[in-house]
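Only one structure is covered here, and it is reproduced in the block below.
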Number of protein chains: 4
Amino acid sequence: MALTGKRKWLNEVIFGTDTPAGKNFDVFLIWAILISVALVLLVSVESIEVHYGQELFILEWVFTALFTIEYALRIYCAVDRRRYIFSFYGIVDLLAILPSYLALVFAGAGYLLVIRLLRVLRIFRVLKLVRYLRDANLLMRALWQSRRKILVFYSGMLVIATLFGALMFVVEGPGNGFTSIPKSIYWAIVTVTTVGYGDISPHSPLGQAIASLTMLIGYSIIAVPTGIVTAELASELGRERSLSRCDNCSRAGHDMDAEYCKFCGYKLAEVEELDEDEWSRGG
Amino acid sequence: MALTGKRKWLNEVIFGTDTPAGKNFDVFLIWAILISVALVLLVSVESIEVHYGQELFILEWVFTALFTIEYALRIYCAVDRRRYIFSFYGIVDLLAILPSYLALVFAGAGYLLVIRLLRVLRIFRVLKLVRYLRDANLLMRALWQSRRKILVFYSGMLVIATLFGALMFVVEGPGNGFTSIPKSIYWAIVTVTTVGYGDISPHSPLGQAIASLTMLIGYSIIAVPTGIVTAELASELGRERSLSRCDNCSRAGHDMDAEYCKFCGYKLAEVEELDEDEWSRGG
Amino acid sequence: MALTGKRKWLNEVIFGTDTPAGKNFDVFLIWAILISVALVLLVSVESIEVHYGQELFILEWVFTALFTIEYALRIYCAVDRRRYIFSFYGIVDLLAILPSYLALVFAGAGYLLVIRLLRVLRIFRVLKLVRYLRDANLLMRALWQSRRKILVFYSGMLVIATLFGALMFVVEGPGNGFTSIPKSIYWAIVTVTTVGYGDISPHSPLGQAIASLTMLIGYSIIAVPTGIVTAELASELGRERSLSRCDNCSRAGHDMDAEYCKFCGYKLAEVEELDEDEWSRGG
Amino acid sequence: MALTGKRKWLNEVIFGTDTPAGKNFDVFLIWAILISVALVLLVSVESIEVHYGQELFILEWVFTALFTIEYALRIYCAVDRRRYIFSFYGIVDLLAILPSYLALVFAGAGYLLVIRLLRVLRIFRVLKLVRYLRDANLLMRALWQSRRKILVFYSGMLVIATLFGALMFVVEGPGNGFTSIPKSIYWAIVTVTTVGYGDISPHSPLGQAIASLTMLIGYSIIAVPTGIVTAELASELGRERSLSRCDNCSRAGHDMDAEYCKFCGYKLAEVEELDEDEWSRGG
């Protein structure tokens, strides 16, 4: 059903981005988010906390109150409340205020407020960065298309990590830092992903030989997800091009950042509506 | 020859996945495997071992007995015993129980029981995750197709590692941790694969210059397997698409995750039979 | 307007590369640049500085004076002064002398003279390494084409780094080196990019589990930019080929390093003019 | 001119691989090479050297004498001596014996004998691993085709490393391990290549911020060579396929590992002659 009166107006301001009021509201909101996240980072720096802890604490609660009211209003004026609450943005909006209240019970939970960062995703809608959105969607869809391949790939990698971890635990033993199989698995993952902290590293010649093998395996494994995503990206890129038709001459094959039809010079339509569900799917 | 009576029934339960009994058996089996692997991980954690070592030890033998009986039954009721014993799954099934008995002789061998994890591969067949299997096969075939290129690539890398290792051993010497050429080769592999533990690192200016060269080489080498696999994956993806024909309109070119023919909407057949040998080959 | 007399002659010598004088000037210039950069490197080595500090200091000012005069002359004899000053090369020429003067105020600024290195880019024009330029442009254009995708990708990565950083700060805490969220974000970036210094690394089992997750995420993220650039490079390569037409038979599709038309053997024209703006754009 | 008598026979034995004698000679040679390299590795291990130094020393000279005689004979019986001496194999054969003699003057030079490993490349010709050779050539040609792009890419990376190195030297200073700009450049390369030893790492917040930037840059740079090589590999793969024509039906497009024409089943010719010069070029 359509909204009326106050709710309708609120809805336009809070959810809409077309009216000046709606745009200003979102811009103000994004700044509020960025500042509140910056506050959290500052609080975590001890030297700052000892000096300005009091002020920062108050400010944090001001923002929390602000976001709580906003969340309440969003629920109040949403067209379909259930749908909003369980939408990607709805959940993020909730997560963005919960930590403050959790912090009253568990100290430290307050730092999780950085999750507010996710709310900044709204910036895409506000600034109508359609082309950026298109690119973001392209990446998202490519990753989404290859989700199963990547899952299979991860299962395989975890199995490898477990097997090599156990092997190293037997070979190197607690004496060289491989104090347990779980920890050895951690080492295997650190190695296969080529991160290589060096907090745990083999000392026995045999251990180093096995480690070398692990690295070489990880080295060729690194190729797999790249191959997957690249292949998907290429096909997505092609699909995207074939999708963007000119409304005038209805010919397709325009570059992703093309604004005018390269055949008849007609302004190309923006494909926003398809962006929204992309996001909720991608999120 | 076809099986009869008890053997036939056992075969359906143990190897089959179509009858309820067969499915339940496999599901139960997978849980048993995962739990037994978890046990091995726990045993390796000293703090846990000292408290529950006794219980864990008994449980481990319970599972080993269980799997030993299962293995015997599989041999008994297999259609072609020789074929099963030397198949990928057959060997894994054996390896999954051997370590327990080895542990009686060599302490520590028991940790190798994590190899049981490989048995979980059966999950694909149980849950009929055909599409996952297709993706897994795609990856396997891509890797399989490029096996020779990757072998050539590794030989080249080992030669490079040996040459640079020897060079660094001469330049840096035992004083800076390069105590022997084999160890220097280990360092070279750690460097070329960009793992970089830092347990051994050059200190002399000349050594650091050579190390930089090694890294840059490794950096462009990293491109090679990625290129190989990507190229293969792309071609495999194409082949896969061209293979999946619609039984109704017999037109090909369907996406890998398509369930219905995009031309006539007819349900697409699943390509499982081709998965099996894939696995045995890929294993 | 066209230049006349002295200015015209100077312009030919300083900007031109066709006259012998112009060529010699540029060659001399490049050697001067490389030597002056080498000097800066030497000055930074303490053991050298203590012995030859005096001489190096004088030499440095000689080069600075030299480049200052050259910069003045370039402005004097430029066809369009405003255009030169704000061009890529113009700004680099200025930055190449500023640090020396800044060093009078802020000690250490002198080391920034290495920026002179950028001036060596001129070498492309001097040696007329057209084909190298073409390749450079190809890379530049590929990166340029995918600038938005890469930007989106970085925003995503920073968000991930911030979230995981905060999480690790809560889990590991200052005791294990995660002294503040900003520092934890630094750790997250070090991990996600698979650099893995190991100066900060998780110690608690939970922390190591989260770190493993971070690595696996970074590991699949690493595929994204590669996929982007590869796709762009491929399409760029295609465009490049289709661009290079033979002036004689006007057929396209020649390889990038082809010097003669593969259809009629006619010498292919070099595409330099298109290189210039590439650079200014790319720079 | 054609060889006669003893020289002809020697040539067949030493260079040829078709006669039984020739094949046996090469097989024997390869074993000799591998063993002599293994000896060098063993000598470098102190614990072994102290016990068996005497024996190893003698064995090493036996092999050196062996290879010296062989090298002399190769020159003697080569069809075109000048061509052999300056060919890829000719130079390697010389380098494979020089270090022993150098070791008489400079201690430690003996370890460079590992260069003998390069001689094992002959194995390709002996075992007629044509398909492996094809793959090796494919990789070689792909790298060769993209040599200029990769060169441009490295120049760019060195410039970046120098600039960031100098910047970090100014920001972090000798106090945090950045003792000189050259060393800082070493750090920058270690970082940009994502090796990350951690022997030098930033400590100041600003330094860590710059380091993070360096990593992110290196992270997107890592995509470039991959993109280059992948693109080249794909095109090479295509060219290779279009090259391999069937002698019978003269249709092309066979897979690289195809042994029979997929159109008429005729045995496909092996393309060895083209391999040789590939190698000398690639080497």
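A, B, ... follow the sequence lines: proteins, then strands. Residue 1 opens every chain.
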Contact class of D:I185 relative to chain C, heavy atoms under 4.5 angstrom: side chain

Side-chain donor-acceptor pairs under 3.5 Å in residues 29-45 of chain C, sequence neighbours left out?
| residue | atom | partner | partner atom | Å |
| --- | --- | --- | --- | --- |
| C:S36 | OG | C:A32 | O | 3.3 |
| C:S36 | OG | C:I33 | O | 2.6 |
| C:S44 | OG | C:L41 | O | 2.6 |
| C:S44 | OG | D:I181 | N | 2.9 |

side-chain contact (heavy atoms from CB on, under 4.5 Å) partners for D:S212, two or more places apart: C:Y186, C:I189

C:Y197 to D:T191 - nearest heavy-atom pair and separation: OH-OG1, 2.5 Å

When D:S184, D:A166, D:S180, D:A211 are compared by non-hydrogen pairs under 4.5 Å with chain C, the top option: D:S180

Residue-level contacts of residues 201-210 of chain D with chain C, using a heavy-atom cutoff under 4.5 Å: D:S201, D:P202, D:Q208

For D:I85, all residues meeting side-chain contact (heavy atoms from CB on, under 4.5 Å), sequence neighbours excluded: D:Y71, D:I75

Whether over 12 other heavy atoms sit under 6.0 Å from D:Y154 OH: yes

With D:M215, the side chain to side chain contact (heavy atoms under 4.5 Å, CB included) member among C:V195, C:V192, C:T194: C:V195

